[in-house]
Amino acid sequence: ETPKPICFHTRIVEDFLGVHDFTPMILDDCTLFRNGELQVRVPHLKMLPKSIIERLLICAGVPFKEFEDYYNHLQAMKEFENLVELSSNTLKK
């Protein structure tokens with residue numbers, strides 16, 4: 001099993017919030033995500049440390065484990081796409 005990263009790309013966090021029906025509103029210093037009464041402010045940074053994501057997800061009412069599962073799924077899909085690409089190149093020869 002590959003080690004878990006200590007930082008994640010902000011886009012993944014934003015996409016994850018979108019999956020949970022949070023709607024974004026871009027502000028000067030962050031992107032505000034809302035879902036009913038819940039609000040999450042995601043800073044405009046390229047990468048976010050795990051500790052910040054954990055705090056953001058507490059505000060969102062979503063366990064960090066669910067985010068980790070989402071991240072692992074994305075990684076598995078990426079690996080699968082790479083295998084399909086590799087096999088299609090091999091089959092063309």
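The salt bridge (Lys or Arg N to Asp or Glu O under 4.0 Å) test applied to R11 returns E14, D15, not counting sequence neighbours. Taking the salt bridge (Lys or Arg N to Asp or Glu O under 4.0 Å) definition, one finds that D69 meets it with K65, sequence neighbours left out. Shown here are the ring pair (Phe, Tyr, Trp, His ring centres under 6.0 Å) partners of F8, two or more places apart in sequence or in another chain: F67, Y71. Under the salt bridge (Lys or Arg N to Asp or Glu O under 4.0 Å) criterion, E54 pairs with no residue, sequence neighbours left out.
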**Report entry** Steps toward side-chain contact (heavy atoms from CB on, under 4.5 Å) verdict (I12, Y70)
**Finding:** CA-CA 9 Å; I12 294 171; Y70 177 78; 4.1 Å; yes
Please table the atom pairs, donor to acceptor, closer than 3.5 Å between any side-chain atom in residues 31-53 and protein atoms at least two apart or in another chain.
from: N35; atom 1: ND2; to: H20; atom 2: O; distance (Å): 2.9
from: H44; atom 1: NE2; to: L27; atom 2: O; distance (Å): 2.9
from: H44; atom 1: NE2; to: C30; atom 2: N; distance (Å): 3.2
from: H44; atom 1: NE2; to: C30; atom 2: O; distance (Å): 3.0

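If you take NE2 on H73 and CD on Q75, they are separated by 11.0 Å, rounding to the nearest 0.5 Å. Of the inter-residue distances, the one linking E68 atom CD with L57 atom CG reads 10.0 Å to the nearest 0.5 angstrom.
Residues I58 and F64 form no side-chain contact, since every pair of their non-hydrogen atoms from C-beta on lies 4.5 Å or further apart.
A single hydrophobic cluster is not seen to contain both I26 and F22; linkage of ILVMFWY side chains at heavy-atom distances under 4.5 Å, directly or through other members, places them apart.
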